[in-house]
Amino acid sequence: MTDKTLQNFNTLGFQQDLLHWYHLNKRDLPWRQDQDPYKIWVSEIMLQQTKVDTVIPYFLRFIDKFPTVYELAAADPQDVLKAWEGLGYYSRARNLQNAVREVVADYGGEVPDNTRELASLKGVGPYTKGAILSIAYNKPEPAVDGNVMRVFSRILKIEEDIAQQRTKKIFDVYVRELISEEDPASFNQAVMELGALVCTPKSPGCLLCPVQEYCQAFAEGIEETLPIKTKAKKQKTHAYAVLLIKNDLGEYVIEKRSDKGLLANLWQFPMVPIDEVGWDHVGNWIYNEYGLDIKIKEKKGKLKHVFTHLIWQLDIFEAKTPQQELGDGRLLFVGKDNLKKYPFPVSHQKMMQYIEEE
DNA sequence: AAGCCGTGGCT
DNA sequence: TAGCCAAGGCT
């Protein structure tokens, strides 16, 4: 390396102090009970952009339901989605099951232990590949996530914009130099644990930090200014009328979303895009779109749901229909007590309160 | 390469 | 409150 960032850096001392701290302070997490590559894999997918506390109950239920690659491979995709309900980024569930099916079909049910085969699996990117190789197979491979970039941006005073994809490669190079060859599994987890518990985005606990003496940002008092990250652009708002359509049997109309894009393959109550349709043509639009003859009753409430890249402004209405049959296969009449069998996005789960009240 | 893809918690 | 943030990957 022509780069001088690691010149005079005490790599061995850093490793020792970090690993010592980790062994004393690591959290007792469900995916740290053993080194089952499948369980490590599931945990890493769930943990993508998701907090540990959120993941724990999902992980426990998921492993209970799908203990090995074989149960997951054989499962109905709708059941997998139901197990993922509320966790978000639902393509993770679909990709995970597809990849597990490939592992069963092509690798005898053994999660690959090499870069090439792991990288070919759906949903397994550079981070997850490194996490599986290091944590499950104890190979000295970097696993660069947001924690790793934050921790090393401070320790090594790296001022590249971590919002840029290419910046991750810079950290990959440094971690490759710094990673413990003896215990790469603990090293990678230790950096992430440090990022989660001490070297936090706001108000980092530098006074408690086990590797404070190695940190250039702390030495210069600039830990709060790192890492550098450009802001995301503001979300656009989309307005919808949501219709809770009930027939004379007390059944409600639900609809399966497209298998692509936002909330793919989840179920919802019919949504009318008001910006395009206009308030005056809601009933007409429903008839044209679904062949459903409805009468709109009272407004039940409103809901704002914020996604990463857009906002839903939802006005919820009660409606009636005399029909009891539906032609379209992605439309269903479902009794109140059976709604819970289908995977719904959180916004539509919240609407069920207006049904429970009746 | 930048936009798409969820949700909940914290400030 | 509105924005930021979390063990990212896909297209």
Side-chain angles (χ1 to χ4, degrees), chain A residues 26-27 29-32 40-59 81 84-96 98-99 118-132 134-136 142-151 161-169 171-172 175 185 187-197 199-204 224 227 229-237 257-266 268 303-312 343-350:
Chain A
K26 67 175 173 182
R27 290 168 289 182
L29 301 173
W31 45 90
R32 288 181 177 162
I40 302 293
W41 182 8
V42 170
S43 75
E44 291 301 340
I45 299 298
M46 286 188 171
L47 285 163
Q48 289 171 8
Q49 303 294 287
T50 312
K51 302 261 199 207
V52 164
D53 289 343
T54 301
V55 166
I56 289 174
Y58 281 92
F59 177 82
L81 205 49
W84 212 270
E85 183 184 52
L87 199 51
Y89 287 140
Y90 298 96
S91 68
R92 293 184 294 176
R94 174 166 34 91
N95 289 336
L96 175 60
N98 287 338
L118 273 178
S120 77
L121 296 173
K122 296 181 187 68
V124 179
Y127 164 76
T128 304
K129 163 169 60 69
I132 293 173
S134 60
I135 299 172
V144 178
D145 73 332
N147 287 307
V148 174
M149 289 196 283
R150 183 172 60 259
V151 167
D161 178 10
I162 66 165
Q164 295 287 318
Q165 271 187 56
R166 58 176 175 274
T167 302
K168 187 171 276 197
K169 297 176 190 163
F171 289 90
D172 198 277
V175 172
F187 181 92
N188 280 344
Q189 292 183 87
V191 178
M192 293 189 277
E193 198 82 338
L194 187 71
L197 300 180
C199 194
T200 47
K202 308 287 182 189
S203 314
E224 293 266 25
K229 185 178 184 181
T230 54
K231 295 186 196 342
K233 66 172 190 179
K234 251 177 64 178
Q235 310 102 314
K236 272 190 183 168
T237 298
R257 291 180 62 86
S258 157
D259 62 357
K260 292 184 177 61
L262 185 67
L263 303 169
N265 290 328
L266 274 73
Q268 67 182 20
L303 203 54
K304 180 182 177 182
H305 192 82
V306 180
F307 297 90
T308 305
H309 61 294
L310 62 93
I311 298 173
W312 275 359
F344 284 87
V346 165
S347 51
H348 284 252
Q349 289 181 55
K350 288 179 178 170

Handout entry: Test side chain to side chain contact (heavy atoms under 4.5 Å, CB included) applied to A/L262 - qualifying residues, sequence neighbours left out
Key = A/R257, A/F307, A/H309, A/L310, A/W312
Handout entry: Dot-bracket encoding of pairs in DNA chain C, which uses [ ] for pseudoknotted crossings and | for another strand, Watson-Crick or G-U under 3.5 angstrom
Key = .|||||.||||
Practice task
Report the residues that fulfil side chain to side chain donor-acceptor pair (under 3.5 Å) with A/S134, sequence neighbours left out, ordered by chain and then residue number.
Solution key: A/N188
Practice task
Would you mind classifying the nucleic acid contact of A/T50 as base, sugar-phosphate or nothing, using non-hydrogen atoms under 4.0 angstrom?
Solution key: base
Exercise for the section: Please figure out whether A/L266 or A/R166 has its closest DNA chain B nucleotide nearer the 5' end. Expected result: A/R166
Exercise for the section: For DNA chain B, note the earliest and the latest nucleotide, 5' to 3', having some atom under 4.0 Å of a heavy atom belonging to chain A. Expected result: B/dA1 to B/dG8
Problem - Residues in side chain to side chain contact (heavy atoms under 4.5 Å, CB included) contact with A/P204, at least two apart in sequence or another chain - result: A/R154, A/T200, A/C206, A/E223, A/E224
Handout entry: Upstream residue (5' side of DNA chain C) when A/K168 and A/A232 are each assigned their closest nucleotide
Key = A/A232
Practice task
Could you tell me whether A/V55 contacts a base, only the sugar-phosphate backbone, or nothing, with contacts defined as non-hydrogen atoms closer than 4.0 Å?
Solution key: nothing
Practice task
Please answer whether the main-chain N or O of A/A185 pairs with a side-chain N or O of A/Q189 as donor and acceptor at a distance below 3.5 Å.
Solution key: yes
Fill in the blank from the handout: Applying side chain to side chain contact (heavy atoms under 4.5 Å, CB included) to A/N265 and not counting sequence neighbours gives A/Q78, A/L81, A/R94, A/K256, A/D259
Exercise for the section: Specify the closest pair of heavy atoms between A/C199 and A/R150, including all atoms of both residues, with the distance to one decimal. Expected result: O-NE, 2.7 Å
Handout entry: Backbone of A/P345 reached by a side-chain donor or acceptor of A/Q268 within 3.5 Å
Key = no
Exercise for the section: Give one of base, sugar-phosphate or nothing for A/R150, where a contact means two heavy atoms less than 4.0 Å apart. Expected result: sugar-phosphate
Exercise for the section: Assign A/R27 to base, sugar-phosphate, or nothing according to its heavy-atom contacts below 4.0 angstrom with the strands shown. Expected result: base
Practice task
Report the residues that fulfil salt bridge (charged side-chain N to carboxylate O under 4.0 Å, His left out) with A/E44, sequence neighbours left out, ordered by chain and then residue number.
Solution key: none
Completion exercise
When A/P345 and A/K202 are each assigned the nearest nucleotide of DNA chain B, the 5'-most assignment goes to A/P345
Handout entry: For A/N98, side chain to side chain donor-acceptor pair (under 3.5 Å) partners two or more places apart
Key = none
Exercise for the section: Mind listing the residues from residues 84-93 of chain A sitting with a heavy atom below 4.0 Å of DNA chain B? Number order is fine. Expected result: A/G86, A/L87, A/G88, A/Y89, A/Y90
Exercise for the section: Would you kindly compare A/D145 and A/Q165 by the position of their nearest DNA chain C nucleotide and give the one closer to the 5′ end? Expected result: A/D145
List, one per line, each side-chain donor-acceptor pair under 3.5 Å for residues 51-58 of chain A, sequence neighbours excluded.
from: A/Y58; atom 1: OH; to: A/E85; atom 2: O; distance (Å): 2.8

Practice task
Quick one: label A/G261 by what it contacts on the DNA or RNA (base, sugar-phosphate, nothing), any heavy atom closer than 4.0 Å.
Solution key: sugar-phosphate
Exercise for the section: Assign A/Q189 to base, sugar-phosphate, or nothing according to its heavy-atom contacts below 4.0 angstrom with the strands shown. Expected result: nothing
Completion exercise
Ordered by number, residues from residues 118-132 of chain A within less than 4.0 Å of DNA chain B (heavy atoms) are none
Handout entry: Partner residues of A/S120 under the side chain to side chain contact (heavy atoms under 4.5 Å, CB included) criterion, sequence neighbours left out
Key = A/E102, A/Y107
